[in-house]
Amino acid sequence: MDINLIEKDNRIILKDVKNFEPKHIFECGQCFRWNREEDGSYTGVAYGKVLNVDKEGNDVIFSNTNKEDFEKIWYNYFDLGRDYDEIKLKLSKDETLRKAIEFGEGIRILRQDEWEILISFITSANNRIPMIKRALETLSERYGDFIEEYNGKKYYSFPTAEALNHLSVDDIKSCYTGFRGKYILSAANIVDNREIDIYAIKNVSTEDARKDLILFPGVGPKVADCIMLFSMNKPDAFPIDVWVKRVMEYFYLDEDTKLKDIQKYSQNRFGELAGFAQQYLFYYARELGIGKKK
DNA sequence: CGTCAGGTCTCTA
DNA sequence: TAGAGACCTGAC
């Protein structure tokens, strides 16, 4: 995407940006450490930096940053090199997706850190979003590094595998992780001891990456697909959570379709763009409560 | 008080 | 190989 950017006063302004809506990006279920401010902007931490993102008209404003970090971190993080017009055009041939895309037109898939996403989605299993956020924030406050205070709030980086590997299960459980604490510690152990190189998995095929990820305890097919989609640039991954299951059954399939059959159907129907379809459908389903039983 | 939430693990047939 | 139960925790 062509970027027309202005740098001033510790800000980067991207002029006339299409396919970029902070609410859609930060609330489509892919990230847990971005929070809405009173003015409607979002502040979050990624790659050890604090950033505030806002939109004014068609301009996107990144505050608390500079051109160097924009080029080094944020351009890639926000997937700004990808042509979302083309993706939307292809997916819009499907009538349900056309509506979902219209609804979440500003979604982009973030390119997040593999380790952080591994732990984040292990934490997400059978959990609620506010609880997941609280657990990850607590882990960061206690075991990450203090970065800076921004608008009166203190921000911490996500703890490293090494930092977590030094802890006991009870330390990790006391961060509201519940029964997932043992999985988190185990993942820290595996990554810190380099039994699995979490940063090399993206280099193998989606099918092989899924097999590698499932070796981590607490990682099943759904969490593996989240990790691949949200941190490994594998857009053919299609995580099926309760919302996606509901929306797929509601629009495309019978009730009580088995996960494996939904997986097959989606892969077949959406192919290389399945992950993007998943994001539009998830946001559409969750915001509208589609298929939710009373 | 049960139920349930961004699933996965364990055990059984 | 498939299906049932258990599982931290807290909000309803």
Side-chain angles (χ1 to χ4, degrees), chain A residues 24-35 100 104 107 109-110 112 114 116-139 142 164 167-190 196 210-232 234 237-250 255-264 266 274-294:
Chain A
H24 299 170
I25 293 171
F26 299 124
E27 294 182 20
C28 69
Q30 59 180 327
C31 54
F32 299 103
R33 297 200 68 204
W34 288 88
N35 293 302
I107 287 174
I109 295 186
L110 299 172
Q112 303 179 78
E114 288 92 327
E116 177 174 339
I117 291 301
L118 168 68
I119 299 306
S120 299
F121 281 89
I122 284 175
T123 307
S124 78
N126 196 20
N127 207 347
R128 287 167 188 251
I129 290 172
M131 285 291 293
I132 301 165
K133 293 179 80 163
R134 179 165 74 148
L136 298 174
E137 279 319 302
T138 307
L139 280 170
R142 291 194 195 164
L164 296 189
L167 305 175
S168 68
V169 183
D170 285 339
D171 290 333
I172 294 177
K173 284 183 77 170
S174 74
C175 297
Y176 313 103
T177 57
F179 65 87
R180 310 158 197 86
K182 57 182 178 291
Y183 303 142
I184 293 171
L185 183 57
S186 173
N189 199 301
I190 291 168
I196 296 176
R210 188 178 286 120
K211 285 179 192 160
D212 288 345
L213 287 167
I214 285 174
L215 295 174
F216 287 97
V219 177
K222 188 272 178 182
V223 169
D225 275 30
C226 284
I227 298 167
M228 291 193 290
L229 184 58
F230 302 140
S231 75
M232 294 183 177
K234 295 201 175 296
F238 190 87
I240 304 170
D241 57 46
V242 289
W243 290 103
V244 174
K245 182 173 191 296
R246 281 176 193 148
V247 75
M248 289 304 294
E249 289 176 348
Y250 188 85
E255 262 187 65
D256 298 322
T257 304
K258 289 183 176 59
L259 289 176
K260 278 201 170 172
D261 293 331
I262 300 178
Q263 182 73 245
K264 251 188 233 169
S266 310
F276 296 102
Q278 193 271 4
Q279 285 299 274
Y280 292 117
L281 289 171
F282 174 88
Y283 185 70
Y284 189 48
R286 193 161 67 101
E287 293 288 309
L288 268 51
I290 289 169
K292 187 170 183 177
K293 287 173 192 162
K294 270 270 141 184

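Chain letters run A, B, ... following the sequence lines, proteins first, then strands; residues in each count from 1. Note that the coordinates shown come from a computational prediction; the quantities given were computed from them, not determined experimentally.
Spacing between atom CD1 of A:I184 and atom P of B:dT8 amounts to 14 Å, rounded to whole angstrom units. The interatomic distance linking A:L213 (CG) with B:dG7 (P) rounds to 18 Å, in whole Å. Taking atom CD1 of residue A:I240 and atom C1' of nucleotide B:dT8, one finds them 15 Å apart after rounding to whole Å. In this structure, CG of A:D241 is placed 11 Å from C1' of B:dA5, rounded to the nearest angstrom. Across the protein-nucleic acid pair, A:L259 atom CG and B:dT8 atom C1' stand 12 Å apart, rounded to whole Å. Atom NZ of A:K222 is separated from atom P of B:dT8 by 7 Å (rounded to the nearest Å). When rounded to the nearest whole Å, the span between NZ of A:K245 and P of B:dT8 equals 14 Å.
Comparing B:dT8 with C:dA11, their P atoms are spaced 25 Å from each other, to the whole Å. Annotation: C:dC8 and B:dC11 have their P atoms spaced 14 Å apart (nearest Å).
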Identify every side-chain donor-acceptor pair in residues 257-264 of chain A under 3.5 Å, counting partners at least two apart or on other chains, and give the distances.
from	atom 1	to	atom 2	distance (Å)
A:T257	OG1	A:D254	O	2.6
A:Q263	OE1	A:Q267	NE2	2.8

Atom pairs and distances, side-chain donor-acceptor, residues 214-229 of chain A, under 3.5 Å, sequence neighbours left out:
from	atom 1	to	atom 2	distance (Å)
A:D225	OD1	A:R210	NE	2.7
A:D225	OD1	A:R210	NH2	3.1
A:D225	OD2	A:R210	NH2	3.2
A:D225	OD2	A:F238	N	3.1

Please tabulate, one pair per line, all N/O donor-acceptor pairs under 3.5 Å involving side-chain atoms of residues 277-288 of chain A, not counting sequence neighbours.
from	atom 1	to	atom 2	distance (Å)
A:Q278	NE2	A:P239	O	2.9
A:R286	NH2	A:E27	O	3.1

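Within 4.0 Å of A:R180, counting heavy atoms only, lies at least one base atom of the nucleic acid. Here A:P239 lies out of heavy-atom contact (under 4.0 Å) with every strand. Counting any heavy atom pair closer than 4.0 Å across all strands shown, A:F32 reaches a base atom.
Taking every heavy atom of both residues into account, A:L164 and A:I172 meet most closely at O-CD1, 4.2 Å. Of all non-hydrogen atoms in A:C175 and A:L139, the two that sit nearest each other are SG-CD2, 3.7 Å.
In this structure, A:F179 places its CZ atom where more than 12 heavy-atom neighbours from other residues, nucleotides or ligands lie under 6.0 Å away.
In this structure A:R134 satisfies the side chain to side chain donor-acceptor pair (under 3.5 Å) test with no other residue, sequence neighbours excluded. For A:Y176, there are no ring-ring contact (aromatic ring centres under 6.0 Å, His included) partners at least two apart in sequence or on another chain. Under the rule for a side chain to side chain donor-acceptor pair (under 3.5 Å), the partners of A:S174 that lie at least two apart in sequence or sit in another chain are A:R142.
Mapping heavy-atom proximity under 4.0 Å, the span of DNA chain C touched by chain A runs 5' to 3' from C:dG3 to C:dG10.
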Listing time: all N or O pairs from protein to nucleotides 9-13 of chain B that are below 3.5 Å?
from	atom 1	to	atom 2	distance (Å)
B:dC9	OP1	A:G218	N	2.8

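Residues from residues 116-133 of chain A that place a heavy atom under 4.0 Å from any atom of DNA chain C, listed by number: A:N126, A:R128, A:M131.
Between atom CD1 of residue A:I107 and atom SG of residue A:C28 there is a gap of 4.5 Å, rounded to the nearest 0.5 Å.
Pairs passing the salt bridge (Lys or Arg N to Asp or Glu O under 4.0 Å) check and including a residue from residues 168-188 of chain A, sequence neighbours excluded, do not occur. Screening residues 118-127 of chain A for side chain to side chain donor-acceptor pair (under 3.5 Å) gives no qualifying pairs among residues at least two apart or on separate chains.
For DNA chain C, runs of at least 3 consecutive pairs of the Watson-Crick or G-U wobble type, with both hydrogen-bonding distances under 3.5 angstrom, map to B:2-5 with C:9-12, B:7-13 with C:1-7.
When side chains are defined from C-beta on, A:I25 counts as touching A:Q30, because their heavy atoms get closer than 4.5 Å.
Of the options A:N189, A:T177, A:V169, a side chain to side chain contact (heavy atoms under 4.5 Å, CB included) to A:I184 is made by A:T177 and by none of the others.
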